[in-house]
K.L.:
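Have a look at this one.
All values below come from the heavy atoms of this structure, side chains included, with hydrogens, waters and symmetry mates left out. Here the structure is a predicted model, which means the values were calculated and not measured. Here is the naming used below: chain letters follow the sequence lines, and residue numbers restart at 1 for every chain.
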Amino acid sequence: MAEDWLGVEAAVSASEGEDGDEGQEDGERRHQRLLEAVSSLSGRKRRKLAERTEASMQVSEFNVSCKGAGEKLVLSELLQPIRPKSALSSVKKELTRVKQKKAVELPLSKEEAKRVVREAAYVRTSKDVGKWQQVVLQNRRAEQLVFPLKQEIATVVPLEQAASAWKARTPLEQEIFGLLRKTQQPITDPLLTPEETASLQAMSLEEARQRRAELQKARVVQSYYEAKARREKKIKSKKYHRVLKKTKRRKALKEFELLHKSDPEAALARLEELEQLRMQERMSLKHQNKGKWARSRAIMAKYDLEARKAMQEQLAKNKELTQKVRVELPEEEPGDVPEEAVTSVTVPTVPAGASGANPWMLGKPSSPAEEPEVQEGVGDVAAPGTAESKEEEEEEEEMSEEEALLQDFAQKRHVRQQQAGSPEGRGADEAEAVSELLGDGPIPTICAEEQASAGIEQPPQAQEEILLSEHLGQARTMEDVEALASEEHGEEPEKPAAARAEKQVQQQEKGRAGDRRAKKPPAKKKIISLQAMLAETSQEVQCPSLPVVVEEEEGGFDQRGVITEAFAGDDVVADFRREKRKAEQAAKPQPVNLVLPGWGEWGGTGLKPSTKKIKRFLLKPPPAPPRKDQHLPHVIMSEQRNIHAAAHQVSELPFPFERHQQFEQSIRTPVGPTWNTQRAFQKLTAPRVITRAGHIIQPISAEDVPNVAPAAGGRAKPALEIAPKRQEQPFRRPRRRAR
Amino acid sequence: AYLELHYIPWVSNVCVTLTAVPRNYDPALHPFEVPREYTRALNATKLERVFAKPFLSSLDGHRDGVNCMAKHPKSLSTVLSGACDGEVKIWNLTKRQCIRTIQAHEGFVRGMCARFCGTSFFTVGDDKTVKQWKMESPEYGEEEEPIHTILGKTVYTGIDHHWKEAVFATCGHQVDIWDEQRTSPMCSLTWGFDSISSVKFNPIETYLLGSCASDRNIVLYDMRKSTPLKKVILNMRTNTLCWNPMEAFIFTAANEDYNLYTFDMRFLESPVMVHMDHVSAVLDVDYSPTGKEFVSASFDKSVRIFPVDKGHSREVYHTKRMQHVITVKWTSDNKYILCGSDEMNIRLWKANASEKLGVLAPREKAAMNYNQKLKEKFQYHPKIRRIAQHRHLPKSIYCQVKEQRIMREARRRK
């Protein structure tokens, strides 16, 4: 108000000087208007200051000008409302607004502004980076990581594509392609030559089916046949095989006879062939002095007369065998052929030739392989013989066989007599007697032949025996062999060595008698033969020239004895008992002796502290708790700490484990292939990190892990890899799913 | 029943025959499994020590100390090295030969890095230049010249290339981020005024940068916002840092106070792990590409390999002739370690000292895995641990290690 007032005053004073001229007044007004216009431009409404432009008597303090005093009042003007807002209200508003508003802040310093930006950026960036958290944790916990994470999949390009892209440039390539084209070799897929395609098209479905059915049938038949053959081959029965052999032989013979009748030429040729085969057999090294036995004889021959004889006999036989045999009667009765002949396959159709010249007949007594038959021949061979007779197929042949057997026995007996007789000085007369006993034609001649060389030839008895025992073993089951061994063992000491020679003779005679009777119960025979064998052993023992051999044989029989002898000093059980007793004693708590001689009584040499004192100061410890092994006689349990073992043991619980049970568990489970199957072993030993040689491992990238959180939760566990090959890719799966 | 393949020794000379043999896994038939496995583990450990011959070869040819190295991003057999006389050499590791030599700078080659595609590489030197070179050697008659040369105002002390874009960063007075096509930096990042010794791009979140300055701090930058993010101040200067290639937020700093510090960049208040074993300043560090281990080079003339989650090293490599190791790299196939040292040599080591190189037969591989598992299983047993942990150290390092231990004990007691 005061200002306004002053302003008015100033205006009054300013206008007083310029009252005079009208023109100036006009200019003043214009100026006034201009000012108003300018002031209105500035936006703020200023209160219009009334201006007193003329002098008047009535000067109202309310600033009423008298400018329009002479004008008429218009009613309508009066009716207009008075302005509702006072001019000052806006000013007031302004004022309140100004009061409410604080002082304008100073702009932030540059440093601080930067810091704010940095902090915001850091928060945001660490949040961004935090999205890797899941992946990182997962990889840290992963049982196995395979690097590189992103693997290039080697795609196989189809052949046509590769071929189309590629052109033959060099002359060599062009030539090769020219050849391929010429021979119509396929270059594109399917890789079939025209012939192949044609053949594929040619065969119809039905044909193929038929063919297949045929093939199937053939295969089935073959398998049946195979099964049958296998089954037959498995049959162990000697009898069966003998019969089989015989039937085969017969069949072959019949065929041969038929052939002989129908086509003698062919039969002859066949005979020739057979003869050839036989010769080959003879020429083989069977009877040369290169076998094991022959060689051992050769060594022994230097010292042992009998061995020398045996060797010579062998040599003679060899000579005989290697001589050419003249075939005189090709169609002789085959019954004479001994079934024990080595040439079992060819023999059936081989004519026995002149019985006198048959080396097998000659060789019988001396050949070691056949020798067992001598001892228990009747028991073994006769039984099948009777069985065959029951078969009553061809009586004649049976008879002839029996005859042959009889002949054999005669020979053997003869030889045995020789053996028994020669040491005693008896010679040919006994042999003569034997030959007389058997009234056969050819055999005496054989014997005579034998006799010629018999003076020198004699099979060594030791050899006989070893083979014999072997043979016995072969003939029986294992239980039998064991029983036999025990029998031998038991029987041996019974016989006084002195009486054995005589007994042997007796037995031989008995055997002879048995031979005469031709058949005997086999069991009895066996016992007898055993005794004979034992007697012969004793003979060997008597011979002073072979101490080494004897010892060996003794050892062989007395294995347990030898072992017990060797460990005679070791009584392991007693030792253990003693040890245990010692351990028990050591573990007992010892009494503590606190007796001080001389205290409270006289002391000195020869003086003992009184019993009372001892009783008082000898502290007996409480008895130890019962030993854990007191009821276990074979066990010593020691609860003492073993220092040597302790050096290998873990003394404190290692870090990741929380309880010692966990640790023990981890140690107890074996991982090795000895205790685990191959698959489990591979799984257990799969390495933690697998890298491939020569592959660059790129840093993990966001492409590998598109959406981190779901990938971590829902991903199936990939199988552990053992080797870097055939790997599955841990990070590829989620990506695949995402697509 | 399972069948096991058994090896028949008597035909092994002629050919290996494998036959299926049925096995009985009844535990009663195979008693004493723990003692037997223990024996096997003991043998495996001994054999590991017997076969621990990590040193493969030495690449010599530099005429001054090797100051920096770079791996070729696409070729395992190529490695680049820069020496203190400004010479850059490119090596073929399979032939163990230098295949190219460039006189790149006057004075030190301070830093080098290969472009992510492997076609060219960058070097920075004391002559205030950044040079880009072709990876292939020049044609016959062609001059050995850089593709680009940028002349800066200050000395650049380090360089690193972005892992995916045509952008690289240099450090020196400040961290500059360059577009390959321009001769002036896209942006310069500063925080304080001190010389920055190295700068590294994060290989996973590629917009992140880490740098270490000589005012004892490590600074992280964000390239997108072109602002620094956070600063960590350590007791002593950090020489280099390296980002874990498998864990985006983990980096390890090689410090002057003989230790390495592994940080999680989200929680920089304290390091995740302090790795100590070196007895002198750690000069360089490089992560294995699997992110499970890293290798560090030290002024104490040794190279050590640390597991990321262990405070102590699992392996120490040294030779009589190797001097202060300035730079070290772990090859991208996780098999070898390269270290360049003061005495002008680059040495090639096996990352796994007793590993058999070359192709392994499946059975050999199985045996190796089994042995590894056994060693792991029985690692806490004193005898085995003693053998497994035994390492030979040169006397100087040995004495210093002892001294350090005593000092640490004393400090703890106070």
K.L.:
Apply side-chain hydrogen bond (donor to acceptor under 3.5 Å, both in side chains) to residues B:R40 and A:T674 and explain how you reach the verdict.
P.N.:
CA-CA 12 Å; B:R40 288 178 195 175; A:T674 322; 3.1 Å; yes
K.L.:
Sort out for me which of B:D333, B:N244, B:L229 touches chain A most, counting heavy-atom pairs under 4.5 Å.
P.N.:
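The answer is B:L229.
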K.L.:
Indicate yes or no: does A:R668 engage B:E37 in a salt bridge with an N to O separation below 4.0 Å.
P.N.:
no
K.L.:
Which pairs, with at least one residue in residues 111-130 of chain A and sequence neighbours excluded, count as a salt bridge (charged side-chain N to carboxylate O under 4.0 Å, His left out)?
P.N.:
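Non-adjacent pairs meeting salt bridge (charged side-chain N to carboxylate O under 4.0 Å, His left out): A:D128-B:R224.
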K.L.:
Closest approach of B:S75 and A:I696, non-hydrogen atoms and distance?
P.N.:
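That closest heavy-atom pairing would be N-CD1, 3.9 Å.
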K.L.:
What residue, out of B:K164, B:E376, B:K230, B:K71, has the most heavy-atom pairs lying under 4.5 Å from chain A?
P.N.:
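Of the candidates given, the most pairs with chain A belong to B:K230.
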K.L.:
Using heavy-atom distances under 4.5 Å, tell me whether B:W163 contacts chain A through its side chain, its backbone, both, or neither.
P.N.:
side chain
K.L.:
B:K335 side chain to A:A693 main-chain N or O, any donor-acceptor pair under 3.5 Å?
P.N.:
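A pair under 3.5 Å: no.
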K.L.:
Give a yes or no answer on whether the side chain of B:Y370 reaches the backbone of A:L684 with a donor-acceptor pair at less than 3.5 Å.
P.N.:
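No, the answer is negative, given that no donor and acceptor are paired below the 3.5 Å cut-off.
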K.L.:
Between B:P27 and chain A, which part of the residue has a heavy atom less than 4.5 Å away: side chain, backbone, both or neither?
P.N.:
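When you check distances to chain A, no heavy atom of B:P27 falls under 4.5 Å.
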K.L.:
A:W675 and B:L29: side chain to side chain contact (heavy atoms under 4.5 Å, CB included), yes or no, with the steps?
P.N.:
CA-CA 9 Å; A:W675 300 274; B:L29 298 178; over 6 Å; no
K.L.:
Select all residues of residues 646-661 of chain A having any heavy atom within less than 4.5 Å of some heavy atom of chain B, and report them by number, or 'none'.
P.N.:
A:A647, A:H648, A:Q649, A:V650, A:P654, A:P656, A:F657
K.L.:
So does A:T669 get a backbone contact from the side chain of B:K377, meaning a donor-acceptor N/O pair under 3.5 Å?
P.N.:
yes
K.L.:
Between A:V689 and chain B, which part of the residue has a heavy atom less than 4.5 Å away: side chain, backbone, both or neither?
P.N.:
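Just the side chain, heavy atoms under 4.5 Å.
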K.L.:
Walk me through it: do B:Y25 and A:N676 pass the test side chain to side chain contact (heavy atoms under 4.5 Å, CB included)?
P.N.:
CA-CA 7 Å; B:Y25 292 103; A:N676 295 298; 5.7 Å; no
K.L.:
Test side-chain hydrogen bond (donor to acceptor under 3.5 Å, both in side chains) on B:Q372 and A:R688; report intermediate values, then the result.
P.N.:
CA-CA 10 Å; B:Q372 193 56 44; A:R688 286 235 147 164; over 6 Å; no
K.L.:
State plainly whether the residues A:R140 and B:E247 are in salt-bridge range, i.e. N to O under 4.0 Å.
P.N.:
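Salt bridge between A:R140 and B:E247, a charged N being under 4.0 Å from a carboxylate O: yes.
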